[in-house]
Amino acid sequence: MPELPEVETVARGLDESLSGRTITDVDVYWERSIGAPNPATFADRLVGQTITDVRRRGKWIVIKLESGDALLVHLRMTGQLLVEAAGTSDGDYTRVAVRLDNGNRLRFSDMRKFGRLVLTEDAGEVLGDLGPEPLGEDFTVERFRRMLAQRRGRIKSLLLNQRFLAGLGNIYVNEALWQARIHPLRAANSLSSVEVERLYGTIRSVLRAAIEAGGTTLDNGNFKKADGESGAFVSQLQVYDREGELCDCCEAPIERITVGQRGTYFCPCCQEAEPRDR
DNA sequence: AAAGCACCCTGTACGC
DNA sequence: TGCGTACAGGGTGCTT
């Protein structure tokens, strides 16, 4: 489940190893991994293009090309983008392979085939609907307060909505709500001023800490950095995937409920459904 | 606006 | 041992 910190980690690694490289060949092994255009056009149009830099927007990896085109990659659940030396064996689940002029290969591996590659001349068409970047300068606590005031839905579901805020996924939403001591089922517009400020702070701090640690690689090994290494943030998780374990703050057992068809972890003691004292 | 569900996938965990 | 089934999850699209 690559989220903002994992995607940021991958994008930084790719920027390092891909900037300035020219694409010499493209092999598509699973056509549905290509979102647009059709796979043959996708491959044809990529060959000969030079990569200028690699960035991130929400959970999208944005590979910018000299022509003005952009190669957008969404890893979804199990996608990985790895840069490997020539001659490295293919490994399982390779869906797309891109050969580079220095002999290296950019390999898109994706066990569950949910990930997508999109080649477009207008990245805004794909990225335009995304909400603000949680770590961006224009995402202020005042703006967050205004955004929340118009919403009556559950805070947890809202934070997962990419049109509301870009980049958060299930892991970091659970962690940010725990740190802010806010119950996941609270209505967004019911948060007090102090709670909004706390949540704003924990969203940003948990994302920064996870980027610092190189992201979260769970036991199932879903996420790998561009160099194939694991992320270390898993050791800092307080509630995610910890049902029944004791809260590090109050030692009550962590509970798991389902919110919007998604596993949700929280401490029933620290995160009250109807707090009296906010 | 909000919520629920099916869909896309496959490895893993579980019950029998 | 092995089979069948439920489940996990990000995002989209449809329905209520």
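Order of the sequence lines sets the chain letters (A, B, ...), proteins ahead of strands, with each chain counted from 1.
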* After noting the C-alpha distance and the side-chain angles of A:Val54 and A:Val62, does the key distance pass the side chain to side chain contact (heavy atoms under 4.5 Å, CB included) rule? -> CA-CA 6 Å; A:Val54 183; A:Val62 181; over 6 Å; no
* **From CA spacing to verdict: side chain to side chain donor-acceptor pair (under 3.5 Å), A:Thr50, A:Thr22** => CA-CA 4 Å; A:Thr50 298; A:Thr22 296; 2.7 Å; yes
* Pair A:Arg112-A:Thr78, side chain to side chain donor-acceptor pair (under 3.5 Å): steps then yes or no -> CA-CA 6 Å; A:Arg112 292 190 189 170; A:Thr78 56; 5.5 Å; no
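In this structure, A:Arg152 places its CZ atom 9 Å from P of B:dA1, rounding to the nearest Å. Per the geometry, CG belonging to A:Leu159 stands 13 Å off P belonging to B:dA3, to the nearest Å. Between the CG atom of A:Asn161 and the P atom of B:dA3 there is a distance of 11 Å, rounded to whole Å.
Taking for each of A:Trp30 and A:Leu158 the nucleotide of DNA chain B with the nearest heavy atom, the 5'-most of the two is the partner of A:Leu158.
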* Structure fact -> Protein-proximity profile, nucleotides 5-16 of chain C, B/S/- by nucleotide at the 4.0 Å heavy-atom cutoff, equals ---BBBB-----
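For A:Glu212, the CD atom counts as loosely surrounded, since its 6.0 Å shell holds 12 or fewer non-hydrogen atoms of other residues, nucleotides or ligands.
Contact annotation: A:Tyr93 side-chain N/O to B:dG11 OP1/OP2 distance is under 4.0 Å.
A salt bridge does not link A:Asp15 with A:Arg55: none of the charged nitrogens is closer than 4.0 Å to a carboxylate oxygen. Contact check on A:Arg95 versus A:Asp110 returns no salt bridge, with no Lys/Arg side-chain nitrogen under 4.0 Å from an Asp/Glu carboxylate oxygen. Classification of A:Arg12 and A:Glu8 as a salt-bridged pair holds, one side-chain N sitting under 4.0 Å from a carboxylate O. A salt bridge does not link A:Arg181 with A:Glu272: every distance from a Lys NZ or Arg NE/NH1/NH2 to an Asp or Glu carboxylate oxygen is 4.0 Å or more. Taking a cutoff of 4.0 Å between a charged side-chain nitrogen and a carboxylate oxygen, A:Glu3 and A:Lys59 do not qualify as a salt bridge.
Among the heavy atoms of the strands, none lies under 4.0 Å from A:Arg116.
With the end axes of the helix from B:dA2-C:dT16 to B:dC16-C:dG2 each set by five pairs, the angle from one to the other reads 60° at 10° resolution.
For A:Arg154, the side-chain atoms get nearest to B:dA3 when compared with the rest of B:dA3, B:dA2, B:dT10.
No hydrogens or angles considered: a donor-acceptor pair under 3.5 Å links the side chains of A:Ser67 and A:Gln49.
Shown for residues 140-150 of chain A: no residue has heavy atoms falling under 4.0 angstrom of DNA chain B.
Taking the six-membered ring for Trp, A:Tyr240 and A:Tyr172 have ring centres at least 6.0 Å apart.
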